[in-house]
Amino acid sequence: MSKNNMKNTYGGAADNYSKKLKTKSWILFAWMVFLTIVCLLPIYILLINSTRSSVEIQNGFSLIPSGSFGENFTTLTTSSQFKSSINMAYGYKNSAIITICATILTVFFSALTAYGIYVYDFKLKGIAHTIILIVMMVPVQVTGAGFLSFMIDLKLHNTFWPLILPAVAAPAVYYFMNSYMKSSFPLEIVEAARIDGSGEFGTFVKIAIPMMKPAIAVQAIFAFIQNWNNLYTPQMILLSVGVEKKTLPMMMASLTASDKIDYGVVYMAITLSVVPIIVAYVFLSKFIIAGVALGGVKE
Amino acid sequence: MAGPTGAQRRIKSISYARFGYIFILPFFIVYFVFQLWPLINTFILSFYGNGNPSEKNLTSNEDFVGMANYSTLLSGGDARNLKMQHEEFLNAFKTTIILWFGNFIPQIVLSLSLAVWFTDARLKIAGKGFFKVVMYLPNIITAASVSVLFMSLCSDNGAVNQILGSMGLGPVDFLKGTAASRGTVMFIQTWLWFGNTMIMLMSGIMGISPSLFEAAEIDGATSTQTFWKITIPLLSPIMAYTLVTSMIGGLQMFDIPFLYHTGTEINKDIQTIAVYIFQRYKNKNGAQFGYAGAASVLLFIVTLILGSITFYINRDVDEIAKKKQRKKLIKDAKAKSKQFGGLSI
C-alpha cells in the first residue's frame with residue numbers, strides 16, 4: 001500500500017500516529033545521548049586530568065587538556081613516593097603473564113572437558129555434568145579463607161601458581177562450550193576421524209578445536225577481561241610481595257592508601273591502566289556484545 | 001545403502017569410555033585441589049580459633065572452639081571485642097543488602113526500559129549500535145581503576161564538587177558521609193552493570209516471537225499495554241534469572257567498596273560482607289581465620305539458597321513435562337500388558 005493510499009483510507013490518523021512515533025524517537029534519542037555522556041564523561045575527565053598538573057586539578061574543573069602529561073608521567077615513573085608501590089612496566093608484565101596463562105588454560109581445558117562429556121559415553125557422565133553446574137554457583141569469596149590457608153601450607157602464597165592453575169576448572173566456560181557443541185558439533189565427525197585412523201586426542205586438537213573457534217574466541221575474550229581486571233585473588237594470595245610481583249589492579253589499590261595524593265599522577269596511573277583495555281574494546285566490541293547476548297539467552 | 005564396513009564395525013566394538021574419563025580428569029583434579037578442598041578447609045577453619053599474629057604461623061591455630069565463632073558473629077558475647085565483632089559482621093551484612101537494593105532497582109529500571117526501546121521495531125532511533133557499545137563500555141574497565149577514578153572525582157576538591165560549587169551548591173563529603181558515600185557506590189555499581197543487564201534483557205526480548213507484538217499492534221494496543229501484557233510476562237523467567245544472579249553478584253561486591261576511600265582505613269558505611277571476610281584473613285594485627293571461615297560459611301548458605309532458586313528457574317520445563325509423559329506412557333503400557341496376561345511388549 002502506498003503512502004498516499006493510506007492517507008486516503010485512514011485520513012489524518014495514520015499521519016498523527018507516525019508523528020507521535022517520531023517525537024517519541026527523538027525524545028528517546030536525546031535520553032540516550034544523555035546516558036552516553038554519563039557513561040563517557042568520567043573517562044573523558046580522567047584522560048583530561050592526566051594531562052593537568054596536581055595544582056591545576058585542585059584549582060578547577062576543565063574539559064580542555066593541559067600540558068603536564070609528560071611531567072605526570074615522569075613523576076609516576078621516577079618519584080620515590082610511588083616507586084615502592086607502582087611500577088607500570090612490572091604491572092603490565094605481571095598482569096599479562098597471569099592473564100595470558102590463565103586464559104589459555106581456561107579455554108583449552110573447558111573445551112577438553114566439554115568434549116569429553118559430550119562425545120563419550122561413560123557411567124559418571126551425568127553426575128560429572130551436574131557437579132560442574134553446582135560448582136558454578138560457589139563464589140571465590142566463600143572459599144577464600146580456606147584457599148589462602150591451604151596455599152600458605154603449601155608455601156605457594158606469594159607465587160603466581162595459585163592465580164594461574166585454578167583457571168583449568170572454569171565451570172561457566174565449560175557450560176558455554178557444552179551448549180555450543182550440542183548445537184553445532186555433529187558426532188559423526190568423530191566417527192569419521194576414527195575410521196581415518198585419527199587418535200582420540202588428535203581428533204580433539206585437529207578437528208574439534210578448529211570447529212569450536214567461534215566459541216573459543218568469545219570465551220577467550222571474556223576470560224582475558226575477567227583475569228586482567230581481577231583484584232580479589234591476587235590481593236589475597238600475594239600477601240607480602242614487592243612491587244616487582246604486583247599486578248596492575250593491585251597497584252591501583254595502593255593508590256588510595258596514601259593520605260597525601262598527587263592527583264595528576266593518580267589520574268596518569270589510572271589512564272595507563274585503562275587505555276589498553278579501552279583500545280582493545282573498540283576493536284572487539286562487536287564480538288563482546290554478541291557474546292554477552294549469547295550468555296543471556298536461555299535454552 | 002551398504003552395511004557398515006569392516007573398519008566401522010571394528011570401531012563400533014571398541015569402548016571409548018576411558019577417554020571420557022581421561023579428558024575430564026584435569027578439570028576435576030584442579031577442581032578438587034583448588035576449589036573443593038578450600039571450601040572444606042573453610043568449614044574446618046570456622047571451628048577453630050583466631051590467634052596467629054605472624055605470617056609464618058598464619059594457620060597454626062590448633063585450638064578447636066566448636067561453634068564459638070558462629071555464636072560470636074550471630075549474637076555477640078559478653079566481652080567487648082566479641083560484641084564489636086558481632087556488630088561489625090551485622091553491619092556488613094546490612095550494608096551489603098542496602099547497597100545491593102540501591103544499585104539493582106535503578107539498574108533494572110534503566111536496563112529494562114532501554115532494552116524495550118532498543119528492540120521496538122516501530123521506533124527509529126539513530127545509532128542504536130553505537131549506544132549499545134558505549135553503554136557496555138564501563139563493564140570492561142578494571143573495577144579497581146574505576147573505584148580509584150571515582151575516589152579522585154568525588155574527593156573534597158574533586159571534579160564533582162567543583163561542578164557543584166560552580167552551581168552554588170556546597171561541597172558534599174562523598175567519601176565519608178554515610179548517605180553520600182553509599183549513594184556514590186550505588187551509582188558506580190549501576191554505571192558498571194546497566195549495559196550488561198540491558199544486553200541480556202534485549203536478547204530475552206528478541207527471543208519473544210515478533211508475531212505477538214505485531215498482533216498487539218494490529219489490535220491497537222498502546223506501547224504501555226504491550227509492555228505490561230506481553231513483554232513483562234514473557235520475559236519473567238529471564239528477569240527472575242537476572243534478579244537472582246544479581247543477588248549472588250551483590251553478595252560478592254568487593255572491588256568498589258574496598259577501594260573507595262582515602263588513607264588506609266576502609267569506610268565502615270560501605271563495608272560489605274566480602275570486604276569483611278577479606279579483612280579478617282588479611283588482617284595486619286593477625287589473621288582471624290576463624291571469623292573469616294564462619295562468615296564465609298554463612299555467606300555460602302545464603303548463596304546456596306539463591307543458587308537453588310536459579311537452578312529451579314533454569315530447569316527445562318518442557319523436558320521435565322516430556323519425562324513425566326514418558327513415565328506415564330510406560331506405566332500405562334505396563335498396566336495394559338498386565339491386563340493381557342503379563343505379556344511383555
Side-chain angles (χ1 to χ4, degrees), chain A residues 21 25 28-29 32 36 39-40 42 45-46 58 60-61 109 112-113 115-117 120-122 128 137 139 141-143 145-150 152-153 165-166 168-169 194-195 200 225 229 231-232 249 252-253 255-257 259 263 266-267 270 273-274 277 281 285 289 292-293 296-298, chain B residues 7 11 16-17 19-20 23-24 26-27 30-31 34-35 38-39 41-42 45 58-59 117 122-125 131-138 140-145 148-149 151-152 157 159 162-163 196 199-200 203 252 254-255 259 261-264 274 277 281 289 292-293 296 299-300 307:
Chain A
L21 275 184
S25 297
L28 290 179
F29 182 77
M32 286 180 194
T36 302
C39 283
L40 294 182
I45 297 177
L46 164 70
Q58 298 281 332
F61 168 74
F109 283 101
L112 185 70
T113 313
Y115 184 85
I117 289 186
Y120 301 104
D121 262 319
F122 52 100
M137 301 290 171
Q141 280 80 349
V142 165
T143 55
F147 185 51
L148 176 59
S149 107
F150 181 45
I152 292 169
D153 288 344
L165 287 178
V168 169
R194 275 176 196 155
I195 292 167
E200 293 303 306
I225 294 174
N229 290 343
L231 169 70
Y232 194 85
M252 292 301 116
L255 283 174
T256 59
D259 281 316
Y263 281 105
V266 168
Y267 282 116
I270 305 171
S273 86
V274 301
I277 208 148
Y281 178 69
S285 59
I289 289 190
V292 180
V297 177
K298 267 189 1 115
Chain B
I11 280 163
Y16 289 96
F19 287 105
F23 279 25
I24 68 169
F27 186 104
V30 169
Y31 165 65
F34 289 104
Q35 286 181 33
L39 181 63
N41 201 17
T42 306
L45 285 172
L58 264 177
T59 52
W117 292 326
R122 288 175 297 177
L123 296 170
K124 302 269 175 292
I125 302 167
F131 287 131
K132 262 194 282 180
V133 168
V134 168
M135 286 169 190
Y136 188 73
L137 172 67
I140 56 124
I141 302 176
T142 317
S145 303
V148 181
L149 167 61
M151 182 273 288
S152 311
N157 210 1
Q162 284 167 358
I163 295 173
N196 184 71
I199 292 171
M200 280 181 57
S203 67
Q252 304 164 33
F254 177 78
D255 291 14
L259 293 181
H261 63 86
T262 53
T264 46
I277 293 173
Y281 62 70
F289 273 102
S296 301
L299 180 63
F300 178 63

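Scope of the values below: all heavy atoms of this structure, side chains included, with no hydrogens, waters or symmetry mates. Every chain is numbered from 1 and lettered A, B, ... according to where its sequence line falls, protein lines coming before strand lines.
Using a 4.5 Å cut-off between heavy atoms, B/Pro26 contacts chain A through both its backbone and its side chain. For A/Val266, the part lying under 4.5 angstrom from a heavy atom of chain B is the side chain only. Using a 4.5 Å cut-off between heavy atoms, A/Ile277 contacts chain B through both its backbone and its side chain. Contacts of B/Ile277 with chain A are made by side-chain atoms alone, with heavy-atom separations under 4.5 Å and no backbone atom involved. Both the backbone and the side chain of A/Leu112 come within contact range of chain B, with heavy atoms under 4.5 Å apart. Both the backbone and the side chain of A/Leu21 come within less than 4.5 Å of a heavy atom of chain B.
Side chain of A/Thr143 to backbone of B/Pro38: no donor-acceptor contact under 3.5 angstrom is found.
No close placement of the B/Phe19 and A/Tyr115 rings is indicated, their centers lying 6.0 Å or farther apart.
Evaluation of the side chain to side chain donor-acceptor pair (under 3.5 Å) rule for A/Tyr281 yields no partner, not counting sequence neighbours. Scanning for side chain to side chain donor-acceptor pair (under 3.5 Å) contacts around A/Tyr120 gives A/Glu200, with sequence neighbours left out.
With a 4.5 Å cut-off on side-chain heavy atoms, A/Arg194 and B/Tyr16 count as touching. Taking the side chain as every heavy atom from C-beta outward, B/Tyr136 and A/Ser285 never approach each other to under 4.5 Å. Using a 4.5 Å heavy-atom cutoff, the side chains of B/Thr42 and A/Val142 are not in contact. Under the 4.5 Å side-chain criterion, counting only non-hydrogen atoms from C-beta, B/Thr142 is not in contact with A/Met252. No side-chain heavy atom of B/Val30 sits under 4.5 Å from any side-chain heavy atom of A/Leu165. Taking 4.5 Å as the limit, every side-chain heavy atom of B/Leu39 sits out of range of all side-chain heavy atoms of A/Phe147. Residues A/Cys39 and B/Leu137 are not in side-chain contact: their nearest non-hydrogen atoms beyond the backbone lie 4.5 Å or more apart. The shortest side-chain heavy-atom distance between B/Phe131 and A/Phe29 falls under the 4.5 Å cut-off.
No other option in A/Pro139, A/Pro249, A/Ser273 has as many heavy-atom pairs under 4.5 Å with chain B as A/Pro139.
Listed here is the closest heavy atom pair of A/Ile289 and B/Val133: CD1-CA, 3.6 Å.
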